[in-house]
Amino acid sequence: MPQHTDNDFGLIGLAVMGQNLVLNVESRGFSVSVYNRSPEPTEAFVAAHPGRRIFGFHSLADFVASLSRPRRVMLMVKAGAAVDAVIAQLIPLLDADDIVIDGGNSLYSDTERRDAWLAGLPDKPLRFIGAGVSGGEEGARKGPAIMPGGPASTWDAMRPVFEAIAAKVDGQPCVAHIGPGGAGHYVKMIHNGIEYGDMQLICEAYALFQAAGMSCDEMAAVFAQWNQGALQSYLIEITAKALAERDAESGRPVVELILDKAGQKGTGQWTLVNAAENAVVVSTINAAVEARVLSSMKAQRLAASSRLQGPNPTIGLARASLVAQVHDALYASKIVSYAQGLDLMRTMGQKKDWGLDLAVIARIWRGGCIIRARFLNHIAAAYQADPALANLMLAPFFQEVLNRSQQAWRQVVALAVTQGIAVPAFSASLAYYDSYRSAHLPANLLQAQRDFFGAHTYERIDKPAGQWFHTAWPEVIE
Ligand code: 6PG
């Protein structure tokens, strides 16, 4: 293999994302050294791209030695133990101030641990960046959204590369310094939770259209049309394209041939765990994760389908009205889902003192990433206008959309419930909306129950806040 030294950038892990990132980095004028644990992918990858300034190495020591200083080494390996293993191998080969970037979907707390580990090496502190990278294969190649977390000085050193390879929207790169430590991977985790919500909401619209007897081609046309309006987004776009795709063998829509069991790799579940730890409601994302779990219980669902009763869905509503109402339900639910994800980010950002700028985060999500959407322009504008915004639903733009959509949203959820069509994310979003906008909730009775069985005390509406009361409730005779 050609040996070339003084390369600008190194990448370890030549799976699809890694390969595409290398091609992207090289295409922006940087020379790249690559290394993979097994040598064959390195050979094949370098051979497949003759004439490019991509240099393969079979020994990690040679790979490290080929890089200019401070070295910039990006890991694109499977999140978890593999990241620690590669870092442990790299440490003896690197010099003080070299930079290690983890571009996988690592758990933010692992990133914090690795950051402390590398910065704390007694003889030669290393610099670490945990960078969320979103956009799939195509994004990696043409321009992903990048969410780097780590010290500001390390961001400065990485900035030219990151800005060169990131997607651009209105000439602005879809990358920004998110914050210290695990902030970047944390924000990527929230991105993925929101991605889960978006995907599930689209699937619920599909379920309603299916029940109304629409063909995949008809649905494809609806999603394609929605992609021209307020719902314009990558996920709506690919949904339209996926629905239109035909199986070469049978001529049937491919989507109809795919088994209805959803997979997941864990970032959605991490979001739920973190939300529970912070007592933040992310009910739409929760519904989306749980919908995947329930879908995966195919054998149980099949058995139950002949034993547990429900209506046979018949949707009599005129097609155009159904499409219009589902559009509004999807838009409103999407706003709620983002409101929840942003609330969790804001809460956690404050707790960790990360200094997260929600306007900047919304801005970099406008391009490159899986949740990219026109709608994010309005989110960025909302937080720019009011960085202390308590909830996205209260921004004037979104308030107006919700007020305009809420009636259709209710009709869609009511229709689904009466027809026995599960719409967990639409209905969880609507329940959040209705709870959030309620000046009164039945929690007074709940407080009575708590005080009854546990003397937990309660505040009164006719007394100043902060004064706690207990009632001598009647005894329960068993
Ligand atoms: C992205 C995606 C990506 C994620 C896949 C799979 O932003 O590019 O979020 O990082 O790995 O979408 O996620 P699941 O397997 O959990 O659906």
Side-chain angles (χ1 to χ4, degrees), residues 13 15-21 23-24 74-80 82-83 101-108 110-111 130-149 162 165-167 169 174-176 178 182-203 233-239 242 258-275 282 284-296 337-338 341 344-345 361-373 376 425:
V16 183
M17 287 292 283
Q19 290 191 13
N20 282 312
L21 267 181
L23 294 174
N24 183 353
M74 186 155 185
L75 315 186
M76 290 302 290
V77 299
K78 196 170 183 295
V83 177
I101 307 123
D102 173 15
N105 266 333
S106 291
L107 182 61
Y108 76 93
D110 282 344
T111 301
V133 178
S134 177
E137 290 174 40
E138 196 186 329
R141 174 68 187 89
K142 295 185 183 157
I146 311 176
M147 292 147 256
F162 282 153
I165 65 172
V169 175
C174 294
V175 60
I178 300 293
H185 273 140
Y186 181 83
V187 168
K188 175 60 172 43
M189 178 189 84
I190 299 292
H191 165 284
N192 280 27
I194 289 174
E195 172 186 305
Y196 275 50
D198 275 352
M199 293 168 79
Q200 175 63 22
L201 290 169
I202 292 172
C203 290
S233 63
Y234 172 71
L235 285 168
I236 293 279
E237 183 188 344
I238 65 164
T239 300
I258 297 177
L259 183 66
D260 54 333
K261 275 172 83 167
Q264 52 184 322
K265 295 204 201 73
T267 47
Q269 282 165 285
W270 294 346
T271 309
L272 302 190
V273 170
N274 178 253
V282 290
T284 310
I285 298 170
N286 203 341
V289 173
E290 290 180 349
R292 289 195 192 195
V293 175
L294 273 161
S295 82
S296 71
S337 180
Y338 280 67
L344 181 53
M345 256 187 331
I361 292 168
R363 187 171 58 65
I364 66 172
W365 283 351
R366 292 179 309 157
C369 64
I370 303 296
I371 65 168
R372 60 186 182 261
L376 283 153

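Values below: every heavy atom of this structure, side chains too, minus hydrogens, waters and symmetry copies. Both counts, for ligands and for their atoms, begin at 1 and track the order of listing.
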Protein heavy atom at shortest distance from [atom]:
atom                    : result
atom 2 (C) of ligand 1  : E195 OE1, 3.4 Å
atom 7 (O) of ligand 1  : S134 OG, 2.4 Å
atom 6 (C) of ligand 1  : K265 NZ, 3.4 Å
atom 8 (O) of ligand 1  : G135 N, 3.0 Å
atom 16 (O) of ligand 1 : Y196 OH, 2.5 Å

**Asked** Is it true that a side-chain atom of H185 and a backbone atom of G104 form a donor plus acceptor pair closer than 3.5 Å?
**Response**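 Pair found, side chain donor or acceptor close to backbone of G104.
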
Say you draw a straight line from [atom1] of [X] to [atom2] of [Y]; how long is it, rounded to the nearest 0.5 Å?
X    : Y    : atom1 : atom2 : value
Q19  : L21  : CD    : CG    : 10.5 Å
Y196 : E290 : OH    : CD    : 13.0 Å
H191 : R372 : NE2   : CZ    : 9.0 Å

If you count the atoms of ligand 1 from 1 in the order shown, which ones are under 4.0 Å from a heavy atom of [X]?
X    : value
H191 : 7 (O)
G136 : 8 (O)
I370 : 1 (C), 2 (C), 7 (O), 8 (O)

**Request:** Could you please spell out the steps behind the side-chain hydrogen bond (donor to acceptor under 3.5 Å, both in side chains) verdict for S106 and D110?
**Result:** CA-CA 7 Å; S106 291; D110 282 344; 5.9 Å; no

Could an N or O of ligand 1 be found under 3.5 Å from any N or O of [X], whether backbone or side chain?
X    : result
G263 : no
Q264 : no
N105 : yes

**Request:** With heavy atoms only and a cut-off of under 4.0 Å, state how R292 meets ligand 1: side chain, backbone, both or neither.
**Result:** side chain

**Item:** Pair N105-K265, side-chain donor/acceptor within less than 3.5 Å
**Value:** no

**Message:** Taking only non-hydrogen atoms of C369, do any sit less than 4.0 angstrom from ligand 1?
**Reply:** no

**Asked** Considering all heavy atoms of both residues, which atom of I364 and which atom of I146 are nearest to each other, and what is their separation?
**Response**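 What the structure gives for the nearest pair is CD1-O, 3.6 Å.
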
